[in-house]
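One structure below.
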Amino acid sequence: MTEIAPYRAATPDMPAPATASAGARDKAGAAHLRTVDCDVCVVGDDVAGLGIAIDLARRGKDVVLLTFPGATPLPLDGVLSPGFSMPTADLVERVGMADAQELLILSAHAAETGLGFAHRAGVDVGPRGRLKVARPHALQGLYREQDLREQLVPDTTVLVDRDDLSALLGTSTFAAGLGVVPAERVSARALKVALELAAMEAGVRGIPVAGALAADLQGLRKYLTTDKRRIRAFQVVISGHDAFARLGPKVAQLPRAPWVTALFRLPGQEVPYSGMVEEAGLTGLRFHVDGGRLALAAATATRVVTRVGAARVARRHTGEIYSLGTSLVEGATGRMLPETGGMPRVFEGERGVWYALASAGDEISHGFLAGRLVSGAIGDKDDRIALLQPFAGPVLSGWAGRVARFATFWHVRLAAHLQNERLALVAPDPAPVDAETAADLPQPHSATVAASNGRTRRGLAAATAASRHAARTALHAASGWASGFAARAAAAPARRRRAHAQDELEDSPAQRT
């Protein structure tokens with residue numbers, strides 16, 4: 001039985017910060033609210049939340065789904081494909097070869113599950129393809145990625161050289177690419193509508209949340225309080241960016257990073273490839289082109305607030321790839337998106353409280369993976385969710401995190417800029433001339449050429465090392481500043497108590513006499 005028709009579009013009010021534990025006043029105010037009992041309450045109607053609700057309802061669980069009307073996704077399509085944004089070398093370093101292989105296999109199965117659901121639901125998928133591209137400074141990392149992927153999950157990637165990549169993308173910006181297979185683009189909106197219909201058919205009860213949301217997640221029974229209802233459940237799943245943002249940092253830490261998104265027209269340019277393109281590296285650049293129309297999203301060093309600023313940053317990123325001319329920027333926005341380090345954050349926190357947060361740009365693939373792991377852990381006691389536990393720890397946040405991310409971001413940008421300058425210093429092959437003319441031309445001394453190349457390499461190495469040192473220095477300074485600030489803030493109440501006691505002593509009759 002569906003209590004309220006779910007997924008009805010509405011404009012939410014500005015949410016008030018939630019508390020991790022409902023106080024006595026909140027409980028007294030919630031006494032007049034209608035209590036809704038269920039086995040599992042899923043907070044968030046993203047792909048992961050909907051998938052978890054559908055799977056658990058089909059297993060016979062009584063599921064309530066709290067939805068957040070009015071959420072606006074990225075203007076890019078999603079993509080169903082195996083793998084993670086985190087480099088496989090980093091993944092292996094964190095969890096080892098065996099667990100990294102298991103995670104990659106699970107991601108491939110999740111992509112197949114998503115494609116199967118889309119085909120059964122009649123959701124259009126395609127164009128086909130996902131390319132991870134690299135500029136010259138990141139080329140070795142791309143080759144390492146290809147080698148590891150071939151060892152762990154063979155036949156899921158194919159290397160594309162510079163010439164083929166230039167022909168596909170219509171640009172020579174990138175040195176090589178890594179094609180991921182299978183991969184299909186899919187509209188996030190169309191897929192969400194299909195998941196919503198499947199949730200209704202499975203008997204999931206949907207409750208829109210347009211205002212504040214408070215949570216008491218301690219004890220055997222968990223409570224979530226909206227402006228009209230109080231939901232009581234044995235299990236709670238917090239899924240998606242909106243759910244994390246609505247419940248606040250006291251319930252779950254929400255690492256976020258600034259991004260810009262925009263749409264462009266590419267006048268007079270033909271781009272044969274219509275799949276998803278993402279750049280390896282910290283910038284997180286993603287784009288796809290359809291009929292001369294380019295949709296782009298890119299991470300930035302600092303938050304961009306205005307549309308003019310977002311348009312300027314997006315134009316700079318796009319101008320490094322394609323010639324825009326006087327093309328206008330459409331729908332430029334700056335927003336804060338989850339920062340997960342390229343891996344989905346899927347884990348159990350408090351007993352009976354589960355968390356699922358996908359990486360920015362991978363909400364669909366990671367959503368099906370998170371849905372499979374969380375629903376399996378609740379319904380079948382499947383312990384494979386523990387494979388992602390190493391990525392559930394706290395991340396550097398606050399001022400320290402922002403300064404560290406700023407320094408690292410510009411280190412990557414500087415490395416790319418220096419590499420481009422080094423390539424520009426390499427003289428192109430001279431035009432062919434006849435032997436008689438060549439004999440009259442002055443010939444450079446080999447020692448001069450070698451010295452010039454040596455100076456270029458040393459300059460590049462010195463500048464790169466300097467930027468790394470700057471990043472480390474900024475990180476250490478920010479961490480020290482944040483730690484000192486936290487210590488002073490913690491000591492402030494004690495100082496106030498001592499000052500108050502001293503004032504009382506001075507005002508006492510004995511002191512006055």
Side-chain angles (χ1 to χ4, degrees), residues 81 83-94 100 129-152 156-166 168-169 171-180 183 257 259 273 275-288 296-301 316-322 339-343 359-362 404-426 456-457 459-472:
S81 66
F84 306 99
S85 296
M86 173 180 280
T88 305
D90 295 345
L91 179 61
V92 169
E93 184 179 353
R94 289 285 296 273
R130 179 175 188 172
L131 273 173
K132 180 176 287 189
V133 296
R135 305 190 196 202
H137 75 281
L139 197 54
Q140 293 303 318
L142 191 73
Y143 292 152
R144 176 63 173 159
E145 178 77 11
Q146 165 70 356
D147 292 341
L148 284 172
R149 291 289 288 270
E150 280 299 309
Q151 292 180 41
L152 299 174
T156 60
T157 55
V158 58
L159 194 63
V160 183
D161 62 20
R162 179 191 288 270
D163 293 338
D164 291 339
L165 194 64
S166 298
L168 284 173
L169 299 181
T171 176
S172 59
T173 302
F174 305 110
L178 196 64
V180 180
W259 283 64
Y273 187 76
M276 183 68 65
V277 183
E278 59 180 325
E279 183 177 1
L282 187 68
T283 57
L285 181 68
R286 291 169 176 264
F287 66 90
H288 58 72
L296 172 138
T300 61
R316 184 181 72 234
H317 279 288
T318 308
E320 294 175 357
I321 307 171
Y322 295 107
E339 175 58 67
T340 64
M343 294 295 293
S359 299
D362 283 321
R405 192 177 189 282
F406 179 87
T408 309
F409 181 94
W410 284 110
H411 160 63
V412 173
R413 298 284 292 176
L414 177 61
H417 179 70
L418 291 172
Q419 179 72 9
N420 291 336
E421 285 192 347
R422 186 186 72 84
L423 294 175
L425 290 175
V426 179
T456 300
R457 287 194 297 271
L460 176 66
T464 304
S467 73
R468 288 198 188 102
H469 177 72
R472 286 196 299 270

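Taking the side-chain contact (heavy atoms from CB on, under 4.5 Å) definition, one finds that D163 meets it with D161, sequence neighbours left out. T156 is linked by a side-chain contact (heavy atoms from CB on, under 4.5 Å) to R149, V153, counting only residues two or more places apart in sequence or in another chain. The ring pair (Phe, Tyr, Trp, His ring centres under 6.0 Å) check on F84 picks up H366, with sequence neighbours excluded. For T157, the side chain to side chain donor-acceptor pair (under 3.5 Å) partners two or more places apart in sequence, or in a different chain, are Q146. Partners of S172 according to the side-chain contact (heavy atoms from CB on, under 4.5 Å) rule, which considers only residues two or more places apart in sequence or in another chain, are S166.
Here the side chains of R94 and M343 are not in contact, with every heavy-atom distance at 4.5 Å or above. In this structure, K132 and L142 have side chains that are in contact, with non-hydrogen atoms separated by less than 4.5 Å. Side-chain contact between F174 and I321 is present, with heavy atoms from C-beta onward closer than 4.5 Å. Counting only heavy atoms from C-beta outward, the side chains of T173 and V133 never approach each other to under 4.5 Å. Residues L178 and L159 are in side-chain contact: their nearest non-hydrogen atoms beyond the backbone lie under 4.5 Å apart. Contact annotation: the side chain of V92 approaches that of L152 to within less than 4.5 Å [non-hydrogen atoms, C-beta and beyond]. For the pair W259/T300, no side-chain contact is recorded, criterion being any heavy-atom separation below 4.5 Å from C-beta on.
Counting all heavy atoms, side chain and backbone alike, H317 lies closest to A299 at NE2-O, 4.0 Å. Taking all atoms of both residues into account, the shortest heavy-atom contact from S81 to V180 is CB-CG1, 4.3 Å. Between A298 and L285, the shortest heavy-atom contact is CB-CD1, 3.7 Å.
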> Is there a side-chain hydrogen bond (donor to acceptor under 3.5 Å, both in side chains) between S359 and S85 once you walk through the steps?
Replying inline: CA-CA 8 Å; S359 299; S85 296; 5.4 Å; no

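A salt bridge does not link E279 to R286: none of the charged nitrogens lies less than 4.0 Å from a carboxylate oxygen. A salt bridge does not link R144 with D90: every distance from a Lys NZ or Arg NE/NH1/NH2 to an Asp or Glu carboxylate oxygen is 4.0 Å or more.
In this structure, Y322 and F287 have perpendicular ring planes: the angle between them is above 60°, well past the 30° mark.
Although no hydrogens or angles enter the test, the distance criterion places no donor-acceptor pair under 3.5 Å between the side chain of Y273 and the main chain of H288.
In this structure, L131 CG and L169 CG are separated by 6.0 Å, a value rounded to the nearest 0.5 Å.
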